[in-house]
Participant: 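Sharing a structure here in structure tokens format.
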Amino acid sequence: MLKSQPLSGKTVVVTGSSVTTTVLQKIEQLGGEAIACPLIQTVEIIEPYDHMQLEMARNFDWLIFTSQNGVETFCAKMNRLHFTPADFSGKIAAVGSKTRKKLISNGFTVHFVPSVFSADVFVKEFPQIAEPKSSCLFVRGKKARDTIKEGLPFNVTEWNVYDTEESSNHLQKLKSLIENRSELLVIFASPSAVDAFAIHIAPSVGWDKIKIASIGHITSNALKKHGAHVTYQPNTYTMESVLDEIIK
């Protein structure tokens, strides 16, 4: 095996809902076969009062985003209802480099990112830079954990802008891959994807036929709860870091 092709002969399945072409290309450049298999799909929650919610969002001291999905659905509402980043007077906090990048690409200025891309670290570090009586709007998914609201000593309002649902087609696709391939490496990017695998795939094929990589300790904890062994978990919570961990 050439040193420049450390993934030669391996199939790498990426289960995240926001898999980028760049990540898939990097896997192939490293010699692997890259397969996007998002087990969870994002669905925007559209409500009659979305316009009123955006009007209210203009007056918060901080808008908090913890995922690219939150940014994408928030911006979709903005575009549909004719709002721009300039309409929001509050500062922006983002958990993670990808979330930050997505916000910037949509015209926002990001004022705070925690040192570790984790909600647990965010609630420890954010109070050090925010005013004591700051009003915060947490733009989130319906199934997101309550870490932000419960952990911050501020008035935190939550807005569920998207939900997630399982992709039956991709679940069946991944099950078939596991049954018919060897050297299969599966990258899990969320506890939701882990749970979907545990419910629909693990009962028939188990966890032992795949090698597992995880983004972040929350996803790793979900895997371990189901009895799965995590082979790769980087300290930095990005897909690129996962690949670096796999090939080092």
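All residue numbers refer to positions in the sequence shown, counting from 1. Please read all numbers here as calculations on a predicted model, not as lab measurements.
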Participant: So does Lys142 get a backbone contact from the side chain of Arg140, meaning a donor-acceptor N/O pair under 3.5 Å?
Facilitator: yes
Participant: By the salt bridge (Lys or Arg N to Asp or Glu O under 4.0 Å) test, which pairs, at least two apart or in different chains, include something from residues 108-123?
Facilitator: Asp120-Arg145
Participant: Table please: side-chain donor-acceptor pairs of residues 22-31 below 3.5 Å, with sequence neighbours left out.
Facilitator:
| residue | atom | partner | partner atom | Å |
| --- | --- | --- | --- | --- |
| Lys26 | NZ | Asp244 | OD1 | 3.4 |

Participant: Hey, does Met239 have a side-chain heavy atom less than 4.5 Å from the side chain of Val14?
Facilitator: yes
Participant: For Lys102, does its backbone N or O pair with a side-chain atom of Ser105 as donor and acceptor, under 3.5 Å?
Facilitator: yes
Participant: Any donor and acceptor pair, going by atom type alone, linking the side chain of Asp87 with main-chain N or O of Thr84 inside 3.5 Å?
Facilitator: yes
Participant: Before accepting this row, confirm whether a basic side-chain N of the pair Lys143/Asp163 lies closer than 4.0 Å to the acidic partner's carboxylate O.
Facilitator: yes
Participant: Give me the atom names and distance for the closest heavy-atom approach of Leu39 to Ala193.
Facilitator: CD1-O, 3.7 Å
Participant: When clusters are formed by joining ILVMFWY residues with side-chain heavy atoms under 4.5 Å apart, either directly or through shared neighbours, do Val186 and Val242 land in the same one?
Facilitator: no
Participant: How close do Ala189 and Gly16 get, counting heavy atoms only, and between which atoms?
Facilitator: CB-CA, 4.1 Å
Participant: Report the distance from atom CG of Leu81 to atom CD of Glu55, rounding to the nearest 0.5 Å.
Facilitator: 9.5 Å
Participant: Set out, in order, the CA-CA distance, both residues' side-chain angles and the distance that settles side chain to side chain donor-acceptor pair (under 3.5 Å) for Asp208 and His229, then state yes or no.
Facilitator: CA-CA 8 Å; Asp208 295 339; His229 173 70; over 6 Å; no
Participant: Do the charged groups of Lys77 and Glu47 touch, with an N to O distance under 4.0 Å?
Facilitator: no
Participant: More than 12 foreign heavy atoms under 6.0 Å from NZ of Lys211: is that the case here?
Facilitator: no
Participant: Stepwise, does the side chain to side chain contact (heavy atoms under 4.5 Å, CB included) test hold for Met56 with Leu137?
Facilitator: CA-CA 9 Å; Met56 292 172 59; Leu137 177 65; over 6 Å; no
Participant: Which heavy atom of Gly107 sits nearest a heavy atom of Pro85, and at what distance?
Facilitator: O-CB, 3.5 Å
Participant: What distance do Leu63 atom CG and Ile92 atom CD1 have between them, rounded to the nearest 0.5 Å?
Facilitator: 4.0 Å
Participant: Counting N and O atoms only, with roles assigned by atom type, does the side chain of Ser135 sit under 3.5 Å from a partner on the main chain of Asp61, one being a donor and the other an acceptor?
Facilitator: yes
Participant: When clusters are formed by joining ILVMFWY residues with side-chain heavy atoms under 4.5 Å apart, either directly or through shared neighbours, do Val12 and Leu177 land in the same one?
Facilitator: no
Participant: Give the cluster check for Ile148 versus Trp159: same hydrophobic cluster or not, with ILVMFWY residues linked at side-chain heavy-atom distances below 4.5 Å.
Facilitator: no
Participant: Do the non-hydrogen side-chain atoms of Leu185 and Tyr232 ever get within less than 4.5 Å of each other?
Facilitator: yes
Participant: Verify, without hydrogens or angle tests, whether Thr164 (side chain) and Gln41 (backbone) share a donor-acceptor contact under 3.5 angstrom.
Facilitator: no
Participant: Sorted by first residue and then second, give each ring pair (Phe, Tyr, Trp, His ring centres under 6.0 Å) pair with at least one member in residues 123-152; sequence neighbours left out.
Facilitator: Trp62-Phe126, Phe112-Phe126, Phe122-Phe126, Phe126-Phe154
Participant: Go through it in stages, so that I can follow the logic: the residues are Ser214 and Gln233, the test is side chain to side chain donor-acceptor pair (under 3.5 Å), and I'd like the CA-CA distance, side-chain angles, deciding distance and then a yes or no.
Facilitator: CA-CA 5 Å; Ser214 168; Gln233 180 194 327; 5.1 Å; no
Participant: Over 60° means perpendicular and under 30° means parallel, so classify the ring planes of Trp207 and Phe188, tilted if in between.
Facilitator: tilted
Participant: Nearest 0.5 angstrom please: Lys175 NZ to Cys37 SG, how far?
Facilitator: 13.0 Å
Participant: Taking only residues two or more places apart in sequence or in another chain, which ones pass side chain to side chain donor-acceptor pair (under 3.5 Å) with Gln172?
Facilitator: none
Participant: Taking the side chain as everything from C-beta on, heavy atoms only, tell me whether Lys173 gets closer than 4.5 Å to Ile35.
Facilitator: yes
Participant: Quick one: list whatever passes side chain to side chain donor-acceptor pair (under 3.5 Å) with Thr99, sequence neighbours left out.
Facilitator: none
Participant: Rounded to the nearest 0.5 Å, how far apart are CG of Leu184 and NZ of Lys209?
Facilitator: 9.0 Å
Participant: Can you check side chain to side chain contact (heavy atoms under 4.5 Å, CB included) on Ile40 and Glu166, steps first, answer last?
Facilitator: CA-CA 5 Å; Ile40 301 296; Glu166 297 171 351; 4.1 Å; yes
Participant: State, to 0.1 Å, how close Val110 and Ala94 come at their nearest heavy-atom pair, and which atoms those are.
Facilitator: CG1-CB, 4.0 Å
Participant: Using the rule that Ile, Leu, Val, Met, Phe, Trp and Tyr join whenever any side-chain heavy atoms are under 4.5 Å apart, tell me whether Val139 and Leu103 fall into a single cluster.
Facilitator: yes
Participant: Run the side chain to side chain contact (heavy atoms under 4.5 Å, CB included) check on Leu152 and Ile64 step by step: do they pass?
Facilitator: CA-CA 12 Å; Leu152 289 178; Ile64 300 171; 3.9 Å; yes
Participant: Taking all heavy atoms of Ala222 and all of His226, pick out the closest pair and write down the distance.
Facilitator: O-CD2, 3.1 Å
Participant: Between Phe65 and Val116, is there a shared hydrophobic cluster once you connect ILVMFWY residues whose side-chain heavy atoms come closer than 4.5 Å?
Facilitator: yes
Participant: Measure the CD1-CD1 distance between Ile187 and Ile212 for me, rounded to the nearest 0.5 Å.
Facilitator: 11.5 Å
Participant: Side-chain contact, heavy-atom cut-off 4.5 Å: Leu54 with Arg58?
Facilitator: no
Participant: Taking side chain to side chain donor-acceptor pair (under 3.5 Å) as the test, write out the residues that go with Ser167, two or more places apart.
Facilitator: His170
Participant: What is the ring orientation for Phe74 with Phe88, classed by angle as parallel under 30°, tilted 30 to 60°, or perpendicular over 60°?
Facilitator: tilted
Participant: For the atom pair OG (Ser241) and CD1 (Ile246), what is the distance rounded to the nearest 0.5 Å?
Facilitator: 11.0 Å
Participant: Measure from the side-chain N and O atoms of Asp50 to the backbone N and O of Ile46, and report whether any donor-acceptor pair falls under 3.5 Å.
Facilitator: no
Participant: If you take all heavy atoms of Ser220 and Val230, which pair is closest and at what distance?
Facilitator: OG-CG1, 4.0 Å
Participant: For the pair Glu165 (side chain) and Val43 (backbone), establish whether a donor and an acceptor sit closer than 3.5 Å, ignoring hydrogens and angles.
Facilitator: no
Participant: Does any non-hydrogen side-chain atom of Asn69 lie less than 4.5 Å from one of Glu72?
Facilitator: yes
